[in-house]
2 protein chains.
Amino acid sequence: MERRPTLHDVAREAGVSAKTVSRVLNGDGPVAAATRERVQAVVRRLGFRPNLLARSIRTGGPDSTVGLVVPDLDNPFFGALAGGVEEAARARGLTVLLGCSGGDPARETEVVSAFLARRTAVLLVVPATGGEATAQARAAGVPLVFVDRPGPDADCVVSSNRAGAREGVAHLLGLGHRRVAFLDDLPPELYTRRERLAGYLEAFAAAGVTPADALVAEARTAADAELAVLRLLALPDPPTALFASHLNAATGAVLALGRAGRREVALLAFDDLPLAEVLDPPLSAVAQAPAELGAAALRLALARLDGDDSPPRTETVPTRLVLRGRPATARP
Amino acid sequence: MERRPTLHDVAREAGVSAKTVSRVLNGDGPVAAATRERVQAVVRRLGFRPNLLARSIRTGGPDSTVGLVVPDLDNPFFGALAGGVEEAARARGLTVLLGCSGGDPARETEVVSAFLARRTAVLLVVPATGGEATAQARAAGVPLVFVDRPGPDADCVVSSNRAGAREGVAHLLGLGHRRVAFLDDLPPELYTRRERLAGYLEAFAAAGVTPADALVAEARTAADAELAVLRLLALPDPPTALFASHLNAATGAVLALGRAGRREVALLAFDDLPLAEVLDPPLSAVAQAPAELGAAALRLALARLDGDDSPPRTETVPTRLVLRGRPATARP
DNA sequence: ATGAAAGCGCTAACAT
DNA sequence: ATGTTAGCGCTTTCAT
């Protein structure tokens with residue numbers, strides 16, 4: 001439990017001034033080769049590591065950290081997103097500060113505050129509705145990028161929710177399905193859900209087909225979805241395919257189809273998961289790229305830090321249609 | 001993009017000295033009620049937030065951050081673990097620094113180094129085999145707790161891998177199963193896997209049953225597991241139950257049983273997952289509590305920071321047996 | 001109850 | 001090529 005050696009300790013041992021040691025460490029000013037070697041030897045011998053906090057204070061600039069706020073890490077999607085940010089950050093010598101908002105704007109504000117007090121270089125936020133990250137970041141002069149969902153007046157990086165849903169549903173329509181049900185919270189509160197619903201409707205419009213209202217069903221939890229699907233299957237004109245806008249809905253749909261023995265009904269979900277190939281009925285998916293979402297957000301934020309002051313822009317990370325099982329054509 | 005206000009700005013505006021502002025902020029020395037109010041008003045008006053890095057420098061103590069190193073955040077288990085740490089940290093006014101090692105000891109060392117350079121108060125590490133976190137933390141005088149797997153000469157918090165596996169397998173034996181197969185990487189390199197194998201064997205020993213060697217099968221990937229299960233099912237005396245030591249193995253087992261139409265074979269996996277109830281055949285599980293693992297690790301580390309210097313200890317977080325599907329008794 | 005001065009560990013600015 | 005001085009934003013002495 002010794003006191004950690006400081007730059008002055010190294011300077012004294014090496015018989016040079018503090019500034020010379022600093023020069024060696026940061027490779028700025030000119031240093032004689034012999035001096036450099038001597039200093040480096042002492043650094044190694046003492047196990048000296050410069051105090052990054054002290055450096056940050058002195059240079060006045062932002063600290064070499066990236067602040068990341070996600071709603072919650074139990075959700076593997078946000079875990080993967082955080083992983084993408086971490087990897088991209090580490091590759092650039094940056095360290096990630098991680099906070100969870102729980103989707104609560106007050107908690108988000110608190111976490112952002114704590115990050116700003118640590119002088120993070122940039123801020124990446126999956127926004128809670130009603131948060132004030134934009135104002136906070138602006139007041140502190142810190143670049144802010146919203147991830148997964150847009151927020152007011154700042155850059156953002158999102159998945160191609162609308163196009164992904166459209167392509168997925170278009171694929172089903174292309175297989176001959178006409179009655180394709182949509183499962184989600186209704187009305188969708190989250191941006192991502194609204195976009196997916198829009199994509200679903202666009203696919204119908206593009207195919208010149210009008211979806212019966214009855215085929216858009218409320219499903220917040222897996223239990224909701226299970227009931228909703230049973231109800232849909234009992235219709236005189238039941239759907240031949242289901243589009244689940246989120247994984248809870250997909251879970252319920254798999255359960256309902258399995259229990260009802262209706263494995264011929266095609267099932268497509270937004271968001272992929274490792275076990276999709278093992279499910280019965282098989283689950284096709286519009287897969288997102290959460291890690292890429294995080295990495296792209298960091299890139300954008302660092303560009304801002306670098307002085308890019310063009311108007312806020314939205315970057316879209318493409319989704320990928322993953323088809324599983326035999327092509328489930330419609331049976332008229 | 002204004003310069004952020006400093007403590008001195010507040011002092012000037014309030015017509016007091018810097019130290020008085022400091023006293024108001026930290027509530028230490030005595031301050032007249034009127035002065036306090038005036039200072040607080042200015043703080044609010046200017047939107048002043050003390051620079052935590054500067055404070056850390058001056059007090060010399062550890063910074064109010066917790067360093068967490070996990071192998072990888074694509075794995076929902078480590079995501080949930082990180083979530084547990086974050087929540088426990090935030091509840092105590094601490095901020096989490098997050099790093100990924102990718103299971104590579106060199107990367108782990110690098111990340112730990114970066115954390116120590118930031119003067120984290122404590123270090124929580126899911127160790128890569130061959131890492132040197134213990135030496136690094138000791139040299140820096142920072143409390144270290146290993147999570148999920150033990151490491152040399154430091155506290156650690158792990159799941160009840162052995163007891164969990166033992167109970168799970170004992171349950172199967174209690175249902176009358178005698179030929180229970182074990183699926184895992186062999187020989188198990190990871191601590192967790194070794195413990196689970198030991199638990200499996202202990203359950204047999206306790207029941208006075210000797211598992212045939214053939215029933216311990218190699219399965220690293222889901223594809224391995226699928227093949228292994230098919231091979232096992234083709235034996236003259238096939239297993240009536242399977243114990244998958246990790247989720248890849250479970251995935252392959254579900255696939256194999258489903259495709260072979262052998263849904264009567266009982267399946268139990270270590271580690272639970274949200275979709276287990278939807279699988280066919282149903283998947284029972286020994287569920288871990290990753291968030292609790294993280295929270296417990298932080299508690300232990302903070303106790304050390306608080307001066308607890310008893311010998312290193314290991315804390316075990318219990319697993320929970322989650323049974324699904326109809327009780328799959330053995331059919332002799 | 002308040003303030004002035006010194007200093008945490010480091011680097012920017014100006015020496016030499 | 002190296003050293004000296006000053007000072008980042010804050011807190012710790014030690015005054016008053």
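Worth saying up front: this structure is predicted, and the values here are computed from it rather than measured. In what follows, every chain begins at residue 1, and chains take the letters A, B, ... in the order their sequences are listed.
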Starting at atom [atom1] of [X], determine the distance to atom [atom2] of [N], rounded to an integer number of angstrom.
X	N	atom1	atom2	answer
A:H8	D:dT5	NE2	P	12 Å
B:D9	D:dC8	CG	P	11 Å
A:R119	D:dG9	CZ	C1'	9 Å
A:L53	D:dC10	CG	C1'	13 Å
A:L7	D:dG7	CG	P	20 Å
B:N26	D:dT12	CG	C1'	12 Å
B:R23	D:dC10	CZ	P	16 Å
A:R49	C:dC10	CZ	P	11 Å

query = Does the side chain of B:T95 come within less than 4.5 Å of B:D63's, by heavy atoms?
reply = no
ask   = Do A:L305 and A:L302 have side-chain heavy atoms sitting under 4.5 Å apart?
value = yes
Side chain of [X] - closest among [options]:
X	options	answer
A:A32	C:dG9, D:dT2, D:dC10	D:dT2
A:V16	D:dA6, C:dG7, D:dG3	D:dG3
A:T35	D:dT11, D:dT2, C:dA12	D:dT2
B:N51	D:dT12, D:dG9, D:dA1	D:dG9
B:R55	D:dT11, C:dA12, C:dT2	D:dT11
A:F48	D:dT2, C:dC10, D:dT11	C:dC10
A:I57	D:dG9, C:dC10, C:dT2	D:dG9
A:V31	D:dC8, D:dT11, D:dT2	D:dT2

Is [X] near enough to [N] that one of its side-chain N or O atoms lies under 4.0 angstrom from OP1 or OP2?
X	N	answer
B:S22	D:dT11	yes
B:T6	D:dG9	no
B:T20	C:dG3	yes

query = Do B:E195 and B:R149 meet the salt-bridge criterion of a basic N to acidic O distance under 4.0 Å?
reply = no
key: Presence of salt bridge, B:R90 and A:E110, under 4.0 angstrom   =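 No.
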inquiry  = Heavy-atom nearest nucleotide on DNA chain C for A:K19 versus A:A54: which residue maps closer to 5'?
reply    =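 It is A:A54 whose nearest nucleotide is closer to the 5' end.
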inquiry  = Closest-nucleotide mapping onto DNA chain C: is B:R38 or A:D28 further toward the 5' terminus? I mean the 5' end.
reply    =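 Checking each residue's closest nucleotide, the 5'-ward one belongs to B:R38.
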ask   = Quick one: the side chain of B:R58 and the base of C:dG7, do they pair up donor-acceptor inside 3.5 Å?
value =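 Pair found.
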message = Any donor-acceptor pair under 3.5 Å linking the side-chain atoms of A:N26 with those of A:R55?
response =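 Yes, a side-chain donor-acceptor pair sits under 3.5 Å.
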